[in-house]
S.K.: 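I have a structure here, written as structure tokens, and I will follow up with some questions on it.
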Amino acid sequence: MKTGFLYAGQGSQAVGMGADLYEKYPEFREVMDNVKLSFDVKDICFNGPAEVLNETKYTQPCMVAFAVGVTRILASKGIKPDMAAGLSLGEYSALNAAGVLNDEQVVELVAYRGQSMQEAVSRRECKMIAVLGLERDKIYEGCRMVADEFKDKELNVAEPANFNCPGQITVSGDAEPIARAAEVFKELGAKRCVEVKVSGPFHTSLMKPAGDKLRERFKTESFGDMQIPVIFNCLGTEKPDDVTIPELLEKQVQSSVFFEDTIRYMADQGVDTFVEIGPGKTLSKFVAKTLPGSVCYNVEKAEDVDKLVEAFK
């Protein structure tokens, strides 16, 4: 058996996440109690309110602290990944699992990332849509059509953001071009276009200010050696030797996420068992749609840990 850990991204958060894990597992308590930020991550995770937890600057450190805690619990049970990846924000948790970023460092980094992303387009009306039932070549074609139509306007961004799984691709950018893009995609054969509630046009060129800030921040950070392979969002494969991790993280925040490609690559490398770490089962659904019949577990609550330990005996 070859195991791949998949770490959930922003949007999966839920008030109360981790509360039962905190009560049961000292490894989880240690992680949550040692977070040192200007706000109480533990209180926001456990008690919300939802409108606070859903703010990007709070969501990101809360999600990563949760993921780090679960990783530590599983390690204490002898369950460790052979390979790791994460959706967007989850990539930082994957790098923590791989030994590249330590526990305290990774939470502090994503707190900075979340603040930078929230500030990048704070005064710009943006939207994201999930396009269902359209191939990626048609997505690119539709985005080119919209870009040409809006080329003389100041607000003109409509770009592919997440290639999640077959038949589900998100497109994000300025509100008016995205509304037009939904019409274009339907004309090109999309089954549906559904608006996704997010607080910014993540993984588009509008996030360049956040990428610039991250680049400067990374100059002050130390990165450990990678102990297991991490599959990077903006590539859908492992890191080439001539590219650094900071370069990929800077690119990631303002480029498309190739998560379907990531899942396929992990399977091609022999991963036959996936473990999703995080609230909800979004990534498990992506795996099921990408690799029908595959084995995928989800760890969100204490009872999930018990089930996984039993399955891995």
Side-chain angles (χ1 to χ4, degrees), residues 6 9-12 85 87-91 117 120-121 124-208 211 231-237 251-268 280-294:
L6 299 175
Q10 188 168 339
S12 299
L87 179 68
S88 185
L89 168 69
E91 187 161 278
M117 291 172 70
V121 288
R124 194 163 181 154
E125 186 182 359
C126 299
K127 286 185 178 180
M128 176 183 283
I129 54 174
V131 186
L132 307 180
L134 200 63
E135 298 298 320
R136 65 174 66 183
D137 61 335
K138 293 293 186 180
I139 295 289
Y140 284 121
E141 179 184 347
C143 287
R144 286 194 296 269
M145 292 169 64
V146 172
D148 185 61
E149 186 175 328
F150 282 79
K151 64 183 179 181
D152 296 325
K153 296 186 178 182
E154 182 180 356
L155 304 179
N156 55 21
V157 174
E159 298 171 0
N162 295 73
F163 295 90
N164 291 324
C165 63
Q168 186 184 126
I169 298 169
T170 66
V171 176
S172 189
D174 292 306
E176 189 179 354
I178 290 298
R180 174 60 182 143
E183 298 172 347
V184 171
F185 292 139
K186 289 175 186 175
E187 292 167 5
L188 292 173
K191 293 179 180 177
R192 282 194 302 154
C193 294
V194 181
E195 186 170 346
V196 180
K197 297 296 183 183
V198 294
S199 54
F202 306 140
H203 303 293
T204 72
S205 59
L206 291 176
M207 284 290 118
K208 186 179 185 303
I231 315 307
F232 287 86
N233 282 190
C234 61
L235 303 175
T237 62
K251 181 179 180 181
Q252 184 237 50
V253 76
Q254 55 194 306
S255 304
S256 299
V257 170
F258 294 100
F259 201 72
E260 178 187 341
D261 305 66
T262 294
I263 295 168
R264 294 190 187 281
Y265 180 85
M266 293 174 80
D268 288 344
K281 297 183 179 179
T282 299
L283 305 189
S284 301
K285 292 175 183 176
F286 293 164
V287 172
K289 290 180 180 179
T290 304
L291 303 172
S294 56

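These numbers were taken from a predicted model, which means no experiment stands behind them.
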S.K.: Should the ring pair Y140 and F163 be called parallel, tilted or perpendicular, given that the plane angle runs from 0 to 90° and is split at 30 and 60?
M.R.: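 Tilted, since the angle between the ring planes falls between 30° and 60°.
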S.K.: Can you check whether T237 reaches F232 side chain to side chain, under 4.5 Å on heavy atoms?
M.R.: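 No - every pair of side-chain heavy atoms lies 4.5 Å or more apart.
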S.K.: CD1/I178 to CD1/I129 distance, rounded to the nearest 0.5 angstrom?
M.R.: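 Here the interatomic distance stands at 5.5 Å.
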S.K.: I need the minimum non-hydrogen distance between V146 and A181, along with the two atoms involved.
M.R.: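 Taking V146 first and A181 second, the nearest heavy atoms are CG2-CA, 3.7 Å.
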S.K.: Sequence neighbours left out, what passes side chain to side chain contact (heavy atoms under 4.5 Å, CB included) with I231? Give chain and number order.
M.R.: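 Per chain and number, I231 pairs via side chain to side chain contact (heavy atoms under 4.5 Å, CB included) with M83, A85, E238, T262, Y265, M266.
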S.K.: Is it true that D261 and R264 make a salt bridge, defined as a side-chain N closer than 4.0 Å to a carboxylate O?
M.R.: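 The answer is no: the pair does not qualify as a salt bridge.
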S.K.: Can you check whether V257 reaches C234 side chain to side chain, under 4.5 Å on heavy atoms?
M.R.: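 No, too far: nothing below the 4.5 Å cut-off.
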S.K.: Please name all residues satisfying side chain to side chain donor-acceptor pair (under 3.5 Å) with E141, sequence neighbours left out, ordered by chain then number.
M.R.: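 Per chain and number, E141 pairs via side chain to side chain donor-acceptor pair (under 3.5 Å) with no residue.
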S.K.: Does any non-hydrogen side-chain atom of F150 lie less than 4.5 Å from one of R180?
M.R.: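 The answer is yes, as the side chains (C-beta and beyond) meet within the 4.5 Å cut-off.
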S.K.: Can you name the side chain to side chain donor-acceptor pair (under 3.5 Å) partners of T282, sequence neighbours left out?
M.R.: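 Per chain and number, T282 pairs via side chain to side chain donor-acceptor pair (under 3.5 Å) with no residue.
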S.K.: Looking only at heavy atoms, what is the nearest atom pair of V196 and A130, with distance?
M.R.: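 It is CG2-N, 3.7 Å.
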S.K.: Would the distance check show the side chain of T204 and the main-chain N or O of G173 forming a donor-acceptor pair, the cut-off being under 3.5 Å?
M.R.: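 No, T204 side chain to G173 backbone: no donor-acceptor pair under 3.5 Å.
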S.K.: For the residue pair L6 and L87, establish whether any side-chain heavy-atom pair is separated by less than 4.5 Å.
M.R.: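 Side chain of L6 against side chain of L87, heavy atoms only: no contact under 4.5 Å found.
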S.K.: What distance separates D148 CG from N156 CG, expressed to the nearest 0.5 Å?
M.R.: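 Answer rounded to 0.5 Å: 11.0 Å.
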S.K.: In terms of side-chain heavy atoms, does H203 have a donor or acceptor partner in S88 at a distance below 3.5 Å?
M.R.: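 Yes.
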S.K.: Tell me which pairs pass salt bridge (charged side-chain N to carboxylate O under 4.0 Å, His left out) where either residue lies in residues 152-174, with sequence neighbours left out.
M.R.: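 Applying salt bridge (charged side-chain N to carboxylate O under 4.0 Å, His left out) to every pair that reaches into residues 152-174, excluding sequence neighbours, yields R124-D174, K153-E176.
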S.K.: How far does CZ of R136 sit from CD1 of I139, to the nearest 0.5 angstrom?
M.R.: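 The CD1 atom of I139 is 10.0 Å from CZ of R136, to the nearest 0.5 Å.
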S.K.: To check you understand the geometry: which heavy-atom pair defines the closest contact between A182 and C193, and what is its length?
M.R.: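 For A182 and C193, the tightest heavy-atom pair comes out as O-SG, 3.7 Å.
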S.K.: With side chains defined as the heavy atoms from C-beta onward, is the minimum distance between P177 and V157 less than 4.5 Å?
M.R.: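 No, too far: nothing below the 4.5 Å cut-off.
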S.K.: Verify the neighbour count for atom CD of E125: are there more than 12 heavy atoms of other residues, nucleotides or ligands below 6.0 Å?
M.R.: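 It does not: E125 CD has 12 such atoms or fewer within range.
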S.K.: Taking the side chain from S294 and the backbone from L291, do they hold a donor-acceptor pair closer than 3.5 Å?
M.R.: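 Answer holds: yes.
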S.K.: Do you know the tightest heavy-atom contact between G200 and S172?
M.R.: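 So the two residues come closest at O-OG, 4.3 Å.
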S.K.: What closest approach, in Å, do V194 and L132 show between heavy atoms, and which atom pair accounts for it?
M.R.: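 Nearest pair, atom of V194 first, then L132: CG2-CD1, 4.3 Å.
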S.K.: Do P166 and E260 touch side chain to side chain, with heavy atoms closer than 4.5 Å?
M.R.: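 When only atoms from C-beta onward are counted, E260 and P166 do touch, with a gap below 4.5 Å.
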S.K.: Are F202 and Q254 side-chain neighbours, meaning at least one heavy-atom pair lies under 4.5 Å?
M.R.: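 No - every pair of side-chain heavy atoms lies 4.5 Å or more apart.
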S.K.: List for me each residue that meets side chain to side chain donor-acceptor pair (under 3.5 Å) alongside R144, sequence neighbours excluded, and say none if there are none.
M.R.: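 Applying side chain to side chain donor-acceptor pair (under 3.5 Å) to R144 gives none.
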S.K.: Decide yes or no on side chain to side chain contact (heavy atoms under 4.5 Å, CB included) for E91 and Q252, but give the supporting numbers first.
M.R.: CA-CA 9 Å; E91 187 161 278; Q252 184 237 50; 3.4 Å; yes
S.K.: How many angstroms lie between CE in M117 and CG in L89, if you round to the nearest 0.5 Å?
M.R.: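 Output value for this atom pair is 8.0 Å.
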S.K.: Hey, could you give me the CZ/OG distance between F259 and S256, rounded to the nearest 0.5 Å?
M.R.: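 These two atoms lie 14.5 Å from each other.
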S.K.: Measure across M207 and A120 and return the closest heavy-atom pair with its distance rounded to 0.1 Å.
M.R.: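 Nearest pair, atom of M207 first, then A120: CE-CB, 3.9 Å.
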S.K.: Any side-chain heavy-atom pair from F286 and Q168 closer than 4.5 angstrom?
M.R.: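 Counting from C-beta outward, F286 and Q168 do come under 4.5 Å.
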S.K.: Which residues pass the side chain to side chain donor-acceptor pair (under 3.5 Å) test with R192, not counting sequence neighbours?
M.R.: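 Checked R192 against side chain to side chain donor-acceptor pair (under 3.5 Å); zero matches.
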S.K.: Do NZ/NE/NH1/NH2 and the carboxylate oxygens of K138 and E135 come within less than 4.0 Å?
M.R.: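 Result for this pair is no, no salt bridge flagged.
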S.K.: Picking from N233, V171, I169, T170, what satisfies side chain to side chain contact (heavy atoms under 4.5 Å, CB included) with N162?
M.R.: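 Looking at N233, V171, I169, T170, the match for N162 under the side chain to side chain contact (heavy atoms under 4.5 Å, CB included) is T170.
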